[in-house]
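Here's the structure, in structure tokens; my notes come after.
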Amino acid sequence: MEIMVIYLGIVNLVGFGMMGIDKKRAIRGAWRISEASLFMAALVGGALGCTLGMHIFHHKTRHWYFRFGMPAIFMVQILLGILLLRFIL
């Protein structure tokens with residue numbers, strides 16, 4: 001259980017950081033992080049970090065698939081977590 005909490009903490013920090021880095025690169029016109037990579041970070045457990053980063057950095061908020069997709073992924077992860085906890089406990 002502790003390992004899962006540590007994993008989720010790290011992957012959410014990475015997702016948050018990826019959003020911030022991509023925003024800075026967008027402003028500078030530099031090489032960008034692909035949208036697929038941002039979604040992959042969310043899918044492996046970092047949806048909360050990506051969603052928070054998206055709103056804090058005001059990044060990708062005009063894209064409907066980010067605006068609705070990231071929170072939807074997070075909701076599914078919450079539901080899966082609840083189901084998993086019910087079977088463990």
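Just so we're clear, the structure is a prediction, and the values are computed from it rather than from any experiment.
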Determine the sole option in N12, I10, I6 for which the side-chain contact (heavy atoms from CB on, under 4.5 Å) test with L8 is passed. N12
Do F57 and L13 belong together in a cluster built from hydrophobic side chains that touch within less than 4.5 Å? no
Value rounded to 0.5 Å, distance of CE in M4 from CE in M1: 8.5 Å
CZ of F39 to CE of M70, rounded to nearest 0.5 Å, is 4.5 Å
Tell me if the CD1 atom of I88 is crowded by more than 12 foreign heavy atoms within 6.0 Å. yes
Do side-chain atoms of S37 reach the backbone of I33 as a donor and acceptor pair under 3.5 angstrom? no
Is there side-chain contact between K60 and R67, with at least one heavy-atom pair below 4.5 Å? no
Would you say the side chain of E35 lies within less than 4.5 Å of the side chain of F66, judging by non-hydrogen atoms? yes
Taking V44 as the starting point, is it possible to reach Y65 by hopping between hydrophobic residues whose side chains are less than 4.5 Å apart? no
Ignoring hydrogens, what is the shortest heavy-atom contact between G15 and C50? Give both atom names and the distance. CA-SG, 3.6 Å
Starting from V11, can I reach M40 by hopping between I/L/V/M/F/W/Y residues whose side chains sit under 4.5 Å apart? yes
Rounded to the nearest 0.5 Å, what separates atom OG in S34 from atom CE in M18? 7.0 Å
Straight-line distance of M19 CE to H58 NE2, nearest 0.5 Å: 13.5 Å
Spacing of CD1 belonging to I73 relative to CZ belonging to F68, to within rounding of 0.5 Å: 14.0 Å
What's the spacing between L48 CG and F74 CZ if we round to 0.5 Å? 4.5 Å
Check whether Q77 reaches the backbone of A42 with its side chain - one donor and one acceptor, N or O, closer than 3.5 Å. yes
Using the side-chain contact (heavy atoms from CB on, under 4.5 Å) rule, pick out the option among I21, D22, I27 that qualifies with H59. D22
